[in-house]
Student: 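Provided herewith is a single structure, encoded as structure tokens, for subsequent inquiry.
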Amino acid sequence: MLSSITHNIHRIQDTIQRAAQQSGRDPAEICLVAATKTVTCEQLEEAYAAQIRNFGENRLQEAQEKMAQFGPREGLTWHFIGRIQRRKLKAIVGRFCLVHSVESLEQAHELNRLAEQSSIHQDVLLQVNVGEEAQKGGFSVTGLQQALEELDQLDHLRIRGLMALPPWAEDPEASRPYFARLRALRDECARRPMQRIVLKDLSMGMSHDYHIAIQEGATLVRIGSAMFGARS
Ligand SMILES: *Cc1c(COP(=O)(O)O)cnc(C)c1O
């Protein structure tokens, strides 16, 4: 008998496939990132056995503990998807394949400096506060437009796209205008002449609204509770 996590993963993959097909997209362009905050290593083990290869963590310490305990595995990559505290930047650089949540020009400069120090290039996304919520981090839409030229000078970052967490609403359709706004912003920014930045990725959509996000162009979806069950 399949475990519930394996079963959930199959259901999520079916939903991703259907949402992609409905909007004429290739399901292969959508990366499923398991949002693993509070998830145990036994649960990670089950997800890995069911072919999940991208884990996304919110807190550095929890991520470091799991990386050490779970160990390196074939094809496994870790993403950082949470809010970044200034003093944690140093430990983040080079340890995550993609940082989804760069929220300011200052943070981007600091990550770039640390990446240069380690002689690496760090892949990142720029988080946009699409709902203009006071409690959430991220660039404002105009803030991002104004920062782009300066961000394009940061030669140790690979800025691959945008990320957003729309305001919470029970109805997944309520997220659609925010996803559409992020996509429109990505398209508008991508038309500008830039040296380095290639804005291709859109990290948007969680357990309750990822099907909508995919219809609106998501290339990375971050899914926790639909895979592992409700967090206590
Ligand atoms: C927890 C979390 C998710 C996943 O949330 P679910 O609703 O459990 O799918 C996605 N993105 C971020 C940034 C998160 O913190």
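As the structure lists them, so they are numbered: ligands from 1, and atoms in each ligand from 1. Scope of the values below: all heavy atoms of this structure, side chains included, with no hydrogens, waters or symmetry mates.
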Student: So, Q85 versus K88: side-chain donor-acceptor pair below 3.5 Å or not?
Tutor: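 Present: a donor and an acceptor within the cut-off.
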Student: Hey, which of L202, I30, L98 is the one that makes side-chain contact (heavy atoms from CB on, under 4.5 Å) with L220?
Tutor: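 So, applying the side-chain contact (heavy atoms from CB on, under 4.5 Å) to L220 and each of L202, I30, L98, only L98 qualifies.
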Student: Go through the side-chain N and O atoms of R222 and S203 and say whether any donor and acceptor fall under 3.5 Å apart.
Tutor: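 The criterion, which ignores hydrogens and geometry beyond distance, is satisfied for S203 and R222.
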Student: Would you list the pairs meeting salt bridge (charged side-chain N to carboxylate O under 4.0 Å, His left out) in which at least one residue belongs to residues 4-17, sequence neighbours left out?
Tutor: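 Pairs touching residues 4-17 that pass the test: none.
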Student: Looking only at side chains, do E150 and H109 share a donor and an acceptor under 3.5 Å apart?
Tutor: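 Checked: E150/H109 side chains pair up, N/O donor to acceptor below 3.5 Å.
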Student: When you check ligand 1 against the protein, what N or O pairs turn up below 3.5 Å? List the atom names and distances, or just say none.
Tutor:
{"unit_1": "ligand 1", "atom_1": "8 (O)", "unit_2": "S225", "atom_2": "N", "d": "2.8"}
{"unit_1": "ligand 1", "atom_1": "8 (O)", "unit_2": "S225", "atom_2": "OG", "d": "3.0"}
{"unit_1": "ligand 1", "atom_1": "8 (O)", "unit_2": "R231", "atom_2": "NH1", "d": "2.8"}
{"unit_1": "ligand 1", "atom_1": "8 (O)", "unit_2": "R231", "atom_2": "NH2", "d": "3.1"}
{"unit_1": "ligand 1", "atom_1": "9 (O)", "unit_2": "S207", "atom_2": "N", "d": "2.9"}
{"unit_1": "ligand 1", "atom_1": "9 (O)", "unit_2": "S207", "atom_2": "OG", "d": "2.5"}
{"unit_1": "ligand 1", "atom_1": "9 (O)", "unit_2": "G224", "atom_2": "N", "d": "2.8"}
{"unit_1": "ligand 1", "atom_1": "11 (N)", "unit_2": "R222", "atom_2": "NE", "d": "2.9"}
{"unit_1": "ligand 1", "atom_1": "15 (O)", "unit_2": "K37", "atom_2": "NZ", "d": "2.6"}
{"unit_1": "ligand 1", "atom_1": "15 (O)", "unit_2": "N58", "atom_2": "ND2", "d": "2.7"}

Student: Taking atom types as modelled and ignoring hydrogens, do the side chains of E57 and T36 form a donor-acceptor contact shorter than 3.5 angstrom?
Tutor: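 Note: E57 and T36 side chains meet the donor-acceptor criterion.
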